[in-house]
**Q** 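Quick one: the structure is below, questions incoming.
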Amino acid sequence: MTKKIRVRFAPSPTGGLHLGGVRTVLFNYLFAKQNGGDFIVRIEDTDQTRFVEGAEAYIFETLKWCGIVPDESPMHGGPFAPYRQSERKANYRQYAEQLVIDGYAYYAFDTPADLEAMRTEYKTAENPSPQYNHTLRDKMRNSLTLTADEVATLLAAGTPYVIRIKMPVNETVSFNDMIRGEVNFNTSQVDDKVLLKGDGMPTYHLAVVVDDYLMKISHAFRGEEWLPSAPVHLLLWDYLGWKNEMPEWAHLPLILKPDGNGKLSKRDGDRLGFPVFASDWTDPKTNETTIGFKERGFLPEAFVNLLAMLGWNDGTDQEIFTMDELIAKFSMDRVHKGGAKFDYEKAKWYNHEWIKRKSAKELELSIQKYFAEAGITVTDDALLAKAIDLVKDRCTLLSDFVQQASFFFQLPEQIDIAAVKPKWDEKKNMFFAELIRAYELSSVWEATDLETEFKELAAANQLKPGELMLPLRIMLVGGKFGPGVFEIAATIGRHETITRIKKVMGLLHS
RNA sequence: GGCCGGUUCGUCUAUCGGUUAGGACAGCCCCCUUUCACGGGGCAAAGACGGGUUCGAUUCCCGUACCGGCUACCA
């Protein structure tokens, strides 16, 4: 019988969740759901200095928006609670101490000043960043260089210390990465990582192994930036005697900045004018808000879709996927090895596609919010639905609806009078005066009839409809945009149409 | 510097040794549209480089270059 699939997303609550983070969640989630497994969220808050108030709640709101529901988490509970590492603090020490007893780790009493001194002393051109490793540990203050009595005395005196892993010399550690295949490391190249910090908290290295073991995680997916420390984790699984229960690993490729090189950061978004976080994040310290995809006008379906396609595809030309399709089709072995540059234009295209696929009913609620923010009150739901259907093809972001459809609900705020005034003459003025009379008397108020009447009247006045339609458009919408003019007239109604025509005629006269 | 990873159009990518190297975004052109879009059609655009292996390499191997990640009592 095979092991129950259990995966985890293990974020640190240090700020907003960015694209790479959400994609990691997504791939974890897709894999779990595809295999009928569990998706766990574990909060890795072992660094108290970096803890940010509100970041954890933000993570769960973001997941909810994306349609990702954890099976177990600090919010949702579960059989392996608690799911916050700070609340699991008591768990870790015993394992670190066991490692010391077994000779796989040691106490180190070096102060930050000692470490800095070591780094400056051994720094050379060839080795700009000396590591606390097998070549240097003999020169430091630790339970390897001190006598047992000295160590006991220091410990009894309450001297601050950390526990470091004792990396073996010149051994090869290898593992099979689901994306990259076999990856090998020489243990001499990796330093003696701190496992248990001076404050009694574990570092990521210890905590991730202990918790993945305790929580029976079957597959561990994380960003590529973790690859270099993988040998530490592998060794820990071994030293702790859990080798047979070690999860399968996959290191996901990075999401890169669109221009230049390097990992995508919040700064790139600020610099280039696009969101990087899933939703708005306000830093509680600076009170500075960073815009998110959600608030910028992205549909969660589009956000999930575009993230999934960053580094994965199903081998066909299909680009639009629902969450259910992704769950059915996702496969880790089709995930790319190389990082992908984030392209905001393409991201917007996904959103546009999703907007086109959604019904007015489905879009209504979120669009209402943008109108409200813009100070436009929409009371008529039927009118809103009609307006959405009319303009959604030309909206890339949900926020675009304000610009594209506000004239359905209020008089145009700006009227591009310059577009008509130069060619405005008495004949046109007469035509519109007659049009008002005709429209006042129309028995029906349908776009096709309005168009017919308009054209017949134009012909009677020996005017080309083409010269008159732009003025009509300016009168009704204020600018050179929007759906068909007669559709608009039909939608806003007789009274509103006539009012607007009159108003602009007045403007043209003065 | 060291270690690890990566490398197909500007960008995201397809290709399980044999293809005119396909699609999408962006760009450009045309059609549709008496607005702006949508839509339809078209153009342009790629295997980092050098060696092997092979009848044949984008694909397999090696080297070089370039890019990235890591090199904290951060994750």
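Numbered from 1 within each chain, the chains take letters A, B, ... in sequence-line order.
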**Q** Against A/Leu26, only a single residue in A/Leu30, A/Asn28, A/Thr24 fulfils side chain to side chain contact (heavy atoms under 4.5 Å, CB included); can you say which?
**A**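 Passing option: A/Leu30.
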**Q** What's the gap between B/rG51 and B/rC67 when it is taken at their P atoms, as a whole Å value?
**A**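 The answer is 23 Å between these two P atoms.
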**Q** When you check the phosphate oxygens OP1 and OP2 of B/rG1, does a side-chain N or O of A/Lys123 lie under 4.0 Å from one of them?
**A**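 Answer is no, no contact under 4.0 Å.
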**Q** Suppose we define a pair by two distances each less than 3.5 Å, Watson-Crick or G-U wobble; what does B/rU19 pair with here?
**A**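 Across all strands, not a single nucleotide pairs with B/rU19.
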**Q** Has A/Lys197 got a side-chain N or O lying under 4.0 Å from the OP1 or OP2 atom of B/rA75?
**A**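 Indeed, a polar side-chain atom of A/Lys197 lies that close.
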**Q** When the C1' atoms of B/rU11 and B/rA26 are considered, how many whole Å apart are they?
**A**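 Roughly 8 Å separates the two C1' atoms.
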**Q** Can you name the one residue among A/Phe298, A/Trp354, A/Tyr370 that meets side chain to side chain contact (heavy atoms under 4.5 Å, CB included) with A/Leu398?
**A**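 Of all the options given, the one that passes is A/Tyr370.
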**Q** Which nucleotide, B/rG39, B/rC73, B/rG5, lies nearest any side-chain atom of A/Val183?
**A**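 Nearest to the side chain of A/Val183 among the choices is B/rG5.
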**Q** Between B/rC3, B/rA26, B/rC12, which one does the side chain of A/Ala340 approach most closely?
**A**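 For A/Ala340, the side-chain atoms sit closest to B/rC12.
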**Q** B/rC73 P sits how many Å from A/Glu116 CD, rounded?
**A**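 The distance from CD of A/Glu116 to P of B/rC73 comes to 12 Å, rounded to the nearest Å.
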**Q** Which is true for A/Met309 with a 4.0 Å heavy-atom rule: it touches a base, it touches only sugar-phosphate, or it touches nothing?
**A**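 Since only primed, P, OP1 and OP2 atoms lie under 4.0 Å of A/Met309, the category is sugar-phosphate.
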**Q** Would you kindly compare A/Leu196 and A/Lys341 by the position of their nearest RNA chain B nucleotide and give the one closer to the 5′ end?
**A**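 Closer to the 5' end of RNA chain B: A/Lys341.
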**Q** May I have the distance from A/Leu256 (atom CG) to B/rG68 (atom C1'), rounded to whole angstrom?
**A**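 Whole-Å distance recorded here is 7 Å.
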**Q** Would one find a side-chain N or O of A/Lys263 under 4.0 angstrom from OP1 or OP2 of B/rC70?
**A**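 Result: yes.
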**Q** Taking the P atom of each, how far is B/rG50 from B/rU13, in whole Å?
**A**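 Between the two P atoms, the distance is 25 Å.
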**Q** Base, sugar-phosphate, or nothing for A/Lys392, non-hydrogen atoms under 4.0 angstrom?
**A**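 No contact at all - A/Lys392 keeps every heavy atom at 4.0 Å or more from the nucleic acid.
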**Q** Please report the distance, rounded to the nearest Å, between CG in A/Asp393 and P in B/rG40.
**A**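 After rounding, the reported distance stands at 11 Å.
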**Q** What's the gap between B/rA45 and B/rC9 when it is taken at their P atoms, as a whole Å value?
**A**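 Per the computed distance, 14 Å lies between those P atoms.
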**Q** Pick out which of A/Tyr213, A/Phe175, A/Tyr204 makes a ring pair (Phe, Tyr, Trp, His ring centres under 6.0 Å) with A/His233.
**A**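 When A/Tyr213, A/Phe175, A/Tyr204 are each tested with A/His233, the ring pair (Phe, Tyr, Trp, His ring centres under 6.0 Å) holds only for A/Tyr204.
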**Q** Expressed as a whole number of Å, how far does the P atom of B/rA44 sit from that of B/rG22?
**A**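 Each nucleotide's P atom is 12 Å from the other's.
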**Q** If you take all heavy atoms of A/Ser143 and A/Tyr106, which pair is closest and at what distance?
**A**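 Where A/Ser143 meets A/Tyr106 most closely, the heavy atoms are OG-CB, 3.1 Å.
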**Q** Return no unless some side-chain N or O of A/Thr46 is found under 4.0 Å from OP1 or OP2 of B/rA75.
**A**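 Affirmative; the distance criterion is met.
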**Q** Taking the inter-plane angle between the rings of A/Tyr107 and A/Tyr161 on a 0 to 90° scale, is it parallel (under 30°), tilted (30 to 60°) or perpendicular (over 60°)?
**A**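 Answer is perpendicular, since the angle exceeds 60°.
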**Q** Is B/rC43 in the syn range, within 90° of 0, or in the anti range?
**A**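 In terms of base orientation relative to the sugar, B/rC43 is anti.
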**Q** Is any side-chain N or O of A/Asn313 closer than 4.0 Å to OP1 or OP2 of B/rA14?
**A**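 Looking at the OP1 and OP2 atoms of B/rA14, one of them is under 4.0 Å from a side-chain N or O of A/Asn313.
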**Q** Starting at CG of A/Asp114 and ending at P of B/rA72, how long is that distance when rounded to a whole Å?
**A**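 My rounded result for the distance is 16 Å.
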**Q** Pairing donors with acceptors under 3.5 angstrom, does anything connect the side chains of A/Ser265 and A/Asp268?
**A**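 Judged by distance alone, the side chains do pair up.
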**Q** Atom CG of A/Asp343 and atom P of B/rG27: how far apart are they, to the nearest Å?
**A**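 After rounding, the reported distance stands at 11 Å.
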**Q** Tell me: CD of A/Glu353 to C1' of B/rA26, nearest whole Å?
**A**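 Rounded to the whole Å, the gap is 14 Å.
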**Q** Less than 4.0 angstrom between a side-chain N/O of A/Arg334 and OP1 or OP2 of B/rU15, yes or no?
**A**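 Yes, such a contact exists.
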**Q** What nucleic acid atoms does A/Ser129 come within less than 4.0 Å of, heavy atoms only: base, sugar-phosphate, or nothing?
**A**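 Since a base atom lies under 4.0 Å of A/Ser129, the category is base.
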**Q** Using whole Å, report how far CG of A/Leu17 lies from P of B/rA75.
**A**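 In whole Å, B/rA75 P and A/Leu17 CG are 17 Å from each other.
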**Q** A/Asn184 and A/Thr172: side-chain donor and acceptor closer than 3.5 Å?
**A**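 Side-chain D/A pair, A/Asn184 to A/Thr172: absent.
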**Q** Within the structure, does a side-chain N or O atom of A/Arg164 lie under 4.0 Å from either OP1 or OP2 of B/rC73?
**A**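 Yes, within the criterion.
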**Q** Just N and O in the side chain of A/His336: are any of them under 4.0 Å from OP1 or OP2 of B/rA14?
**A**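 Checking A/His336 against B/rA14: at least one side-chain N or O falls below 4.0 Å of OP1 or OP2.
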**Q** I want to verify a distance call: between B/rG69, B/rU35, B/rU11, whose nearest atom is closest to the A/Glu225 side chain?
**A**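 Ranking B/rG69, B/rU35, B/rU11 by closest atom to the A/Glu225 side chain puts B/rG69 first.
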**Q** Scan A/Tyr350 against the nucleic acid and name what it touches under 4.0 Å (heavy atoms): base, sugar-phosphate only, or nothing.
**A**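 Here A/Tyr350 touches no strand at all.
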**Q** What contact category does A/Gly262 fall into here, base, sugar-phosphate, or nothing, at under 4.0 angstrom with non-hydrogen atoms?
**A**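 Touches sugar-phosphate only.
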**Q** What is the distance from CG of A/Asn186 to P of B/rG2, rounded to the nearest Å?
**A**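 Distance, rounded to whole Å: 15 Å.
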